[in-house]
Structure formats: structure tokens, C-alpha cells
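Please read the structure below before turning to the comments.
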Amino acid sequence: MATKTKPPVVQPGAGNNIIINSNQRLNPVLEHIRHVGKEFGDIVPDYHVGRTTCILFLSLKYHRLHPEYIHTRIAKLGKSYNLRILLIMCDVTEHQELIRELTKAITTSIRTHRVCLINSLTIVVAWSNEEAGQYIATFKQFEHKPPDLIKERADKDYDSIFRTALTSINKVNRTDVATLRTSLGTFADIAKASSDRLQNLPGFGQVKVKRIKEAFEKPFHNKT
Amino acid sequence: MASPLLAFHKEILEKIHDPSTSELLLLARGLGLRHVVCTLMKIYDSPQNLVLLVNATPEEEAAVGEELGIMGCRKPGLRTIGYEMGKRDRQDLYKKGGLFSVTSRILVVDMLQSDIPTELITGILILHAERVTALALEAFIVRLYREKNSTGFLKAFSDQPECITSGLSPLRNIMKELHLRTVHIYPRFHETVKATLENRKADVIELYQHMTESMQTIHHAIVQCMTMTLSELKRSHVTLELDDLTIENAYFKSFDAVVRRQLDPVWHKVGPRTKQLVSDLSTLRRLLTYLLTYDAFSFHEYLETLIACNTTSFSGEKRLNQSPWMLTDAANIIFQTAKRRCYTLSKKSADSLENVIIDDQDGWDALDDIEGSRGQPIDKPKKAWMPEGLDPVAEEFPKWELLADVLQEVEEEILRHESLPNIRGSNTVLVMTSSSRASALVSEFLANMDLDAPKGKRGRKMMERKLRQYLFWKSRLTNQSRGGKVPARTVVKKHDATPIAASKSMDGPANRSLALRKKEEMKQARGANRRRVRGGAPSTTSKPPASANSENMTINDDGEEIEAFVATQNSSSLNDILVGDSDFGLLERIISGQFQDDFDTRYGLLASEETVVVRAYSDDSDDRVLAELQPKFIVMFEPSLEFVRRVEVYKNSHPGLGVRVYFMIYQLSCEEHKYLAALRREKDSFERLIKERATMLVPVFEDQRPKAGDQFIQTISTRLAGGRKELTAQPSQVIVDMREFRSTLPSLLHASGLQVIPATLTVGDYILTPEICVERKSIPDLVSSFNSGRLYTQCELMSVHYKQPILLIEFEENKAFSLEPIAETTKSYAKPTAKTASKKDTGPSETDRIPSLQSKIVLLTLHFPRVRIIWSSSPYATADIFNDLKANNPEPDPSRAIAIGAEEDPDVDAGVNTAAEDLLRCLPGISAKNVKYVMSKVNSVREFCEMTREEIQGILGVEPGGRCWEFMHGIGSMRS
């Protein structure tokens, strides 16, 4: 256990490993942290998953028994780390109140609250050991990853753009996309197909046709 | 002329017309609920009154308005208020009073912004009361209404007792939400209703038709597949309550809801296999109905599409989970028999097919050699467009035959009646079908019927046209599925095949008078009808890998042959199909062409007895049709519980009118079963409701909102700076984006005591304090906005403008509070997760594996360390959390919130067609940055599609514009 708080020591060579607080030794989550190196170290948070990122782990079951525990941990954390994650393991059925209370205490920096001084924590909820392990591992893996994955992407092949575009219309499924393509042709052809024509396609009812027509033909804005 | 009120209508109106009382009316379907509502509205119509009709669909709004007009309630009559109308206009209209139909979402906003004088509303009529739940917008409306107005009336209506059965005390819940204390229930077996309707009975002839042998085979096989899928489902999920899961229930759409209700709390633990089974069931159910309503070719076409589009998963890979039913023998029977209903390949061509199956160069070459040696094809007495060796079977529905006979009988009957004097009603024959599609088919059949042909061949002409369309379609499908590698060579299989007898020209002169009768009704029949489709059930059936299924092979092979054939015929005889490069409405052109010719010469001469009107069952507007046409002969092509009652009502409101009904039903089919079960279900649910009413604890309503004073007392606490804290009299506020009123959260926020201020926000969905901005995402939203990159942009914006950006991940009430397990997407452990593996080895080179939702969340937090995440298990929990976050914080400023980020969007106040926006966003070359610009330049997606390459490049820039144009016009697809 960390008896005296000092900033985490990050060895230059060990940058690829997750540093784990030794109090987590018996945590069943550990065996689910895969594909990254792990080492135990003397750190304040539970997991040190990046230069500026740390994770505190909290099982709701434990929290119910020791509601003060997490607050002392947070207090110890002080101001260090830029991104601080509170990984909550949702292992009770009556989670609503607990999560609400934690959210209240941790999400915002309420001045009067003793635990959250300047920085607050971001909550991430996991529902199984596996999921929690995956989260921890991913935080490490993605440490230097550019956000392209969640940014807008272009450059997919024709088929998948076609499919994605048309299925973005409510009630249109993949079978319908295939039907549209085989019986009407290109995107522009579909755009100018009449309702009656659409209605005659197998699997197309009034509602679906209406949705498609609304998407294609109704103006973007009502100019009034 | 408005149809007269029957005794039970009068009784109902007497009970509910009093504007000082509020009540709920439950009426059995088909007994004329709309008529009651309209009569009631007519009573209230006056400029001094402000009466609102809420929860009506656009179709209903139009129909109610029309009916009111017929009743003499015009100028101004019912006015519809939709999103197109400006705020100022609405205010003016409300002030003038009268009858209004308002969309719920607009009404809520208007009430919150006091655009409508809530305290002056005379009354509200709510349709579809069965859909009102605590979370519904209507409940919110009633709450807002009752807050300010305790004297106005509230009348709620419903004709769907089946929907009011789930839960402990469903009726009471609805009444509680609507703040009602009285309910009137009028089932068909109500004493007054019974007495009225059984006065005069219609002459009903029930015709039980057998299905054809192949239909029976398919029907049986589908049921077998359903049974199999169902038992599989039971096995895979032991916790399912088995009582309700019977094959009989599986015929109904509501079955899906039953299954989902049981599975929802554990949906995240349900494997993809089980999900597959659930969606398979709905596909199979759809097949059952299609079997009875689609013609043989369309049915086969649909089956083929099902198979073809399920080879690949969403990302284009081979699917791992196959629909078990597709692998069974029964499925094979379905596919084979369905094909056999359309055509057969004659022996010789089947032989030659064997040679063609190998799709490689050698095969084609060899084939060419054979052909070369055989020389030119020999002319045969068959249709030029029909591929060699193709034997059209073109099975027709036996009901068509029956219909033809019935019409014949009717004709004779009419002739017989002609001599009798004083017969009321028109001689128009009304044919009712289940869907507009079916009615189009029936009228097409009637238009092309050949009365001289032998039984079962009368629709030959039409079927041949369908075959032709099918062949054309088929060639496209094959073309697509083979990746567009059209063999350049012309491959036509030639051999000395025997002339195909079956395809002898059937072009004998069609019975003119019969054919003509229907044409004029075609247009009316189409489009005017509503067909309720259980929408959106993702048809995620998958198909086994090609090699595993020989059926698949044969299908493709046929396709190849046909396609090749069409390729050769392209220039010549098929040209008429390909006119204008689209086979758009071949049928329509043919019919309308004829129609045009005949119209002038014949239309005026047609007597009413020569008309047959074909329509699909619709809602209460069917009453109107009956009243206007006054038919003496009605053919119910498919059974419908409601329509039987409509006929009863019609018969009784027109005394002296002899009505004969031909009621057609396929014996021993799901159709028959569904009809009987629906009768039973309605009766049961009415009985249950009557029982509940008898034992119900009538809810008592008090002013539920705490008085302002209470809040003072609650807030003055010595714990807060010794009670010294400044207190403001105004309640806590939340600024809510207009678009969010589609969700349930604003209603719950209001219920929890917050003041909801609607505004059009550019950044964020909810503004809690000057610093806290919340973006709400339901799980499907979250997934899609991660995919589209929207969430990234939204977080960017929130981080720029607010100190405390928050992402709210909201789960649904009663659904699992959990994300899909990671195993779902990264299941195969045999192959180590590509993402992690590649990360370790080669750094950022991401493979094509779809990253899990969880890892996207991780990435988001890494890039936006200031964004906090709220995990909320339900909207209720969200409301609580919002209240917590607001505690002791200053109130937000609406004008500032609106101004933030709004500068670049000139159309903030206008309603936005989100569906179109989403569609536009998906196109290549369009990003979050330019989508608003495009929307300001172009009117609609269709318009966008019709622009030239240069115009689009002018908007988007050369490179993206070119890409976009090419995409829309199919260049760059594999087919080019």
C-alpha cells in the first residue's frame, strides 16, 4: 500500500506496461487484462495506464459496505493525473442509487465537497470482470492513438456506403437495401422512384415507403 | 351526406358530450369511433371554444377534417398545426379559437412557452389512448394542462383494447396518466350494440377456398421452420416463459413484443444466435403473409433477396451466425417449391446448365464452342423474350378464380335485379383486400383476366408480364452478386428444345367490359390505402456459406443463365422493358397507356353496375367509402374482423338496402387462424378490461406539484451556510433542446419539479447550469454517432463552449443496464483480437475488425479528458441525477445558451428534417462541416441527386463533389 504519496515514477523503459497498485493483487479483473504488459508498482491510483491517465477501481458491492473508502482514495490522489477514471464494477442489482450518489459526488467539482477539489473523475461502468479488464487494457493500448476511429470517416467501399446511407432511414433494413438496388439501381434512381413504384417492391409497405419518401423528398428546412 | 347515428352511437354521445366531464371511451374496432369523435367535435365547434385534437396521425387528421367538412363543419373547420407553421401564426390561430389538430411535440413546446393560452383551452380530445404511458408526451400534455386548467374537459378515445392488457392494472395506469376517473366500455357484445346491429343482418356467403398444392407445401414448410425456430429459441433460453410461446401466437406481430419483453432485461446476455432466432421468427411470419398475398414471382423474388443479401454481414464479411431455418430441409422445400410455382427449367436446359456451373474461363470457352457448332437458334413458337428451356408455370392464386366466379354471379344477380323496382344502393362491387399491394394485384388480375381461358390460367397474361419483369430483375441480382463481372461474350444456350407448349400465346381478346370496369379505380385504390406494416424488424437472417448449400448454387446458376440471356436480348426485344434505363412501373405504363386510350371513349359511358372497386382495408375511413359507394355487393378478399363490423354498421344505417357479402378465406391457413384468434383476443381483452373496471380503485388527483412555499422550507437549511443562502423564488430551470422533446426525459424532468425551458440549442441537449452542458445519448444513438463521428464533433463543441461538458449515456427503463458484452464483437478467440494484436506488433495499424463500443468510449475519454460521463439506467434516474447536479448551482441563461455556437447556422428556428439530414450525411464527400452548407443550398436529397456533376462540385469542391456525384450515379460501384 502506498503509505506516502509521491508522484508516480515512470521508468522510461517500462512505458509499455500497466503499473498496478499492489492492493489489486487479488482482484479477479487482473487476469482479464490481456495483450498488455503488467507490473506491480508503488503508485497512488490502482492502475497507472498512461503518462497522464490513471484508474481507480471500485466494486459497488464493496462500496456498499465501505462507502468512505473511495473518498479517501480520491483524496489521496490529489491533483495528479490529467485524466482520472473511476472504473465502477456494477455487481449489484440495486445500482441506481449508488451510481447516482457517486455521480453526484464525483462528476462535478462542487466546491463544498471535500473530495473533489479541482479535478473530478470520469466514471466508466463495467458489468463484468472481463469488461473491466478490457477497459483497463484499452486505456493503455490507446494511450497514443489518434481519434480517427471516432472521427468522421470517409473512404469505404461503395457497397457499404450504399448500405449505411439507406439503412440510416428508419425502418429500412438490409434486405430492403438489396431489393432497392436490384430493382431500382443507383442512389439517384432510388431518389426519383415514385411511391407507387416503391410500394410494389417486395417487403415494402406504406410506412416504409413514406419514410423513404420523407428522407429523399421532404425539404431539409421548412422555410417559413 | 353524413351517415346517420345508430342507437348505440347516440347512447355513447349522450354519455360523453357534456363539456364539464372528462372520460375515456373504449369502443370495439369497426363500430365507427371516428364518427363519434367527429360528431362530438361538431358539437363543440365554435369560435368561443378552443378544442384540441391530440395524437392523431397525419392520415387521421386529414380524414377527420374531411368528415367534419361533410358534416357541415366548415370555415374554418379543423385546422392542422404541424411543424411547418411559424410560432407567430400558431399564436394567432390559437387566439381565434375553433378546432385544432396539434402534433404532441408542438403542443408541449407551445404549452411550455405559453404560446397557447393553456388556461383558456376548452377541452382536449386524445386519440389512441391505448398508447399513453407515463413516459408518453400525451401524459406530459395532460400534466401541463391540468396544472393551469382544471375546468376544461378531456376526452380520450381508443379502439384497441388488445393494447391495454400488459402490466398489473393497465386501464388504471392509463386513466391515471390522463387524470380521468370515468371510463365507458363498448365492446361488440355490449347490449345496446348487439341490439342495434342484430336488427338487420347482412347476407353473408362464406367461401372456404383450398390453397393449391404447392402453396400448401410452402405453408406447411414455413410453419415447420417456425416450429423449429421456436423450439430452438426455447432451448437456447431456458428462462423464457414457455406458455405464451406457441406457434399459434407466433402468427401475430404482438408475439415479437412478448418475446422481447421477456428477453429485454437480459438482452445483453443473449447470444447473437438467440437474437438471430428472434428475428428469424418475424421473417418467417412475414413469409407466411406474403405467401398468401404476393404473386408467385414476387414471392420468389423476395425469397431470393433474403438469401442473396444475407451472405454477408454488415461489414461485408461472411456471416458467422446463420439462420438455422435456412439450413433445414423444410427451407429447401420452400425455396424449391416457390421456384416451381414460377417456372421450371426443362430437362435439356438443366443438363446444359450442369456444364455451365463452373464459372471459369474454360467453362465459358467450352460452352462457346458448343454453341458455335450448333449454329443459330431455331425459331420456336414461343415468346421471344423467354429464355430457352424455361418453362413458365406461373401459378395463380385460387382465390382469383373464385373472385372471377363471384363477379360473374354478381353480374347475373344485377341483371336479375334490374327488373325489380325500387332497389336501393349502387351496383358497384366493392372488393376489399388486406393491403394496397394486394389490391393492386387483384385489380391487375381483373384488368387482364381472360374469361375464356381454362381454370387456373385466367391471369396468364398478367403472370407472363410478371415473369418478364422477374427475368429482368433476376439478371440484375445475379449481376450484382457476382460482383459485376458480366461475361462479355454472349452466352445463349441453344439446343433443339421442344417447343414449349405452356407458353403459347394467350393473347386472346380480353373480355373488354370486364377489363374496363376496374381500370378507372386503379388509381384510387392505390395510394389511398393504408397498410400497416410491422416495420423495422431487421431481417437479419443469414445464409450459409455458398459451398454448404447446394440450393444456393442452383439459384445462382439459374440467375447466371437468365442474366446472360438478358444480356443478349438487351438491344432487341427486351428494349421495351428497359426504356429510360429503368424498369420503372412497367405495369403502370401498360395500364395507364391502355387507360389513356380507353378513357375518353368509354369513361362517360360506364354505368355504375360495371364498376368494381378494389381497395385495401384501412381504418375508420372505410366507413366513409361504404357510405359513399353504397355497394350492394361486397367481396372480402381476405378476412377482416373490423370490416365485418363496418358492414354491419353500414347495413343498419341504411335500412332497406340489401347487402350481400362474399367472405373469402383460405381454408386451414394462417389467415383463417389469425382471423379466429383475433376475434378471441379482442373479446378476452374486453372482458379483462370490464373486470378491471369493476374492481378498480379510482385514482384521486391532487395537485401533485409541491407549492412554491414548500420549496422554500425545503431549501432553508442550516447546513447551507447556516440558512443564509439567498433564495430565489423561481423554480430550478433546465434548458432543453427542441429536438429532445421526442424523448421522454423532458417530461420526467418536469414531473420531478424542474422548470423545462424549450429552446433551439446548437451545442448540447440540456443546459443545467451556466457551466454544465449535457449531451444525451441512448445506446443506439451512441453507437450511430460514434460511427458517424458526430459525437466527436459534439464533444469538441461542448468542450469549447462549456466548462463542464457531460455525456449522458442513457439506458432504457426495463431494459438491461449494460452494454453489449465485448465478446459480441470480438468473439473469436481462436484468432486473437486483431485490434490488440496489431497494436502490440505494428503500432497503430488498425485492421478491419470493428472496434467495440467500449474501446470507443475509452478513446473518447482519452481525447476529451474534461468530458464526464453519466451512466443512467433509465430516464427516471437521469431526472434524479440532473436534480443533484443542479443543487446549489446558479440557473442557466436561455438566451446565452441559444446564442452559443449558433452563429454559423442561419436556420436555427426552422424545423429540420432529420431523416433527410442523416441520409445526406452518409454520402461520400459530405462531412459534419459542410452538411449544413449543403442543406442551405439544396432543398432536398432528391434535388441533390438530380444535380449535375459540375453543380455538386460547385458546392462541395472538385474532389469530394466528384466522389459524391459518382456515388449517387453508381459509378464506382462494382457494377460499372
Side-chain angles (χ1 to χ4, degrees), chain A residues 35 82-83 96 99-100 103-104 107-108 122-123 125 127 131 134-135 138-139 141-142 145 147 149-152 154 158-161 164-165 168-169 171 173-175 178-179 182-183 185-189 191-192 196-197 199 202-203 205-208 214-222 224, chain B residues 84 86 298 301-302 305 309 316 473 476-477 526 530-531 533 535-536 538-539 582 584-585 786 789 792 818 822 836 839 851 855-856 858-863 865 868-871 873 877 880-881 884 907 910-911 913 915-916 918-919 922 924 927 935 939-942 945 968-970 972-973:
Chain A
H35 313 297
N82 184 25
L83 174 60
Q96 189 171 328
I99 290 186
R100 174 187 160 191
T103 309
K104 180 186 178 182
T107 301
T108 53
T122 305
I123 295 178
V125 182
W127 282 269
E131 201 180 356
Q134 174 95 11
Y135 268 124
T138 320
F139 267 109
Q141 287 161 6
F142 283 5
K145 195 177 168 60
L149 192 63
I150 52 171
K151 266 188 170 169
E152 275 188 74
Y158 182 85
D159 286 338
S160 56
I161 302 176
T164 327
S168 79
I169 302 170
K171 300 221 186 289
N173 60 31
R174 291 189 303 131
T175 314
T179 312
T182 46
S183 36
T186 65
F187 191 81
D189 293 337
K192 58 174 184 264
D196 287 351
R197 177 78 185 112
Q199 195 100 58
Q206 213 128 33
V207 180
K208 202 177 280 180
E214 269 171 18
F216 274 105
E217 287 183 2
K218 256 201 170 169
F220 293 118
H221 297 293
N222 56 312
T224 40
Chain B
E84 295 88 358
S298 307
E301 203 174 302
Y302 186 71
T305 319
C309 76
W473 173 86
R476 271 181 119 152
L477 175 75
R526 247 182 281 119
R530 277 165 57 80
R531 173 176 166 219
V533 168
S539 150
S582 74
F584 166 77
F786 261 130
Y792 188 88
S818 164
I822 299 171
T836 45
K839 184 71 196 173
S855 52
K856 287 179 179 170
V858 167
L859 203 55
L860 190 78
T861 53
L862 282 169
H863 284 275
R868 300 280 167 263
I869 303 177
I870 297 178
W871 303 71
S873 52
D880 287 346
I881 292 175
D884 283 349
D907 295 309
N913 179 1
D918 289 344
L919 182 65
C922 294
S927 64
M935 282 165 63
N939 219 356
S940 69
V941 180
R942 181 167 174 184
C945 288
M968 290 193 299
H969 293 270
S973 80

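The two atoms that bring B:Pro865 and A:Asn82 nearest to each other are CG-ND2, 3.9 Å, heavy atoms only. In plain terms, the two heavy atoms of A:Thr138 and B:Ser855 that are nearest each other are CG2-CB, 3.5 Å. Nearest approach of B:Val941 to A:Ala215, heavy atoms of both residues: CG2-O, 3.4 Å. Across all non-hydrogen atoms, the minimal contact from B:Pro924 to A:Ile161 is CD-CG2, 3.7 Å. Nearest heavy atoms, B:Ile869 versus A:Ile123: CB-O, 3.6 Å. Smallest separation of non-hydrogen atoms from A:Gly203 and B:Tyr302: CA-CE1, 3.9 Å.
Most heavy-atom pairs under 4.5 Å with chain B, from the set A:Pro202, A:Ser168, A:Ala188: that is A:Pro202. By number of non-hydrogen pairs under 4.5 angstrom with chain A, the leading residue of B:Leu860, B:Leu862, B:Ile881 is B:Leu862.
Using a 4.5 Å cut-off between heavy atoms, B:His863 contacts chain A through its side chain alone, with no backbone atom that close. Heavy-atom distances place both the backbone and the side chain of A:Glu217 under 4.5 Å from chain B.
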| request: Might you work through the side-chain contact (heavy atoms from CB on, under 4.5 Å) test for B:Thr861 and A:Phe142, ending with a clear yes or no? | output: CA-CA 11 Å; B:Thr861 53; A:Phe142 283 5; over 6 Å; no

| Can you check side-chain contact (heavy atoms from CB on, under 4.5 Å) on B:Glu301 and A:Thr182, steps first, answer last? | CA-CA 10 Å; B:Glu301 203 174 302; A:Thr182 46; over 6 Å; no

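Counting only heavy atoms from C-beta outward, the side chains of A:Arg100 and B:Asp884 approach each other to under 4.5 Å.
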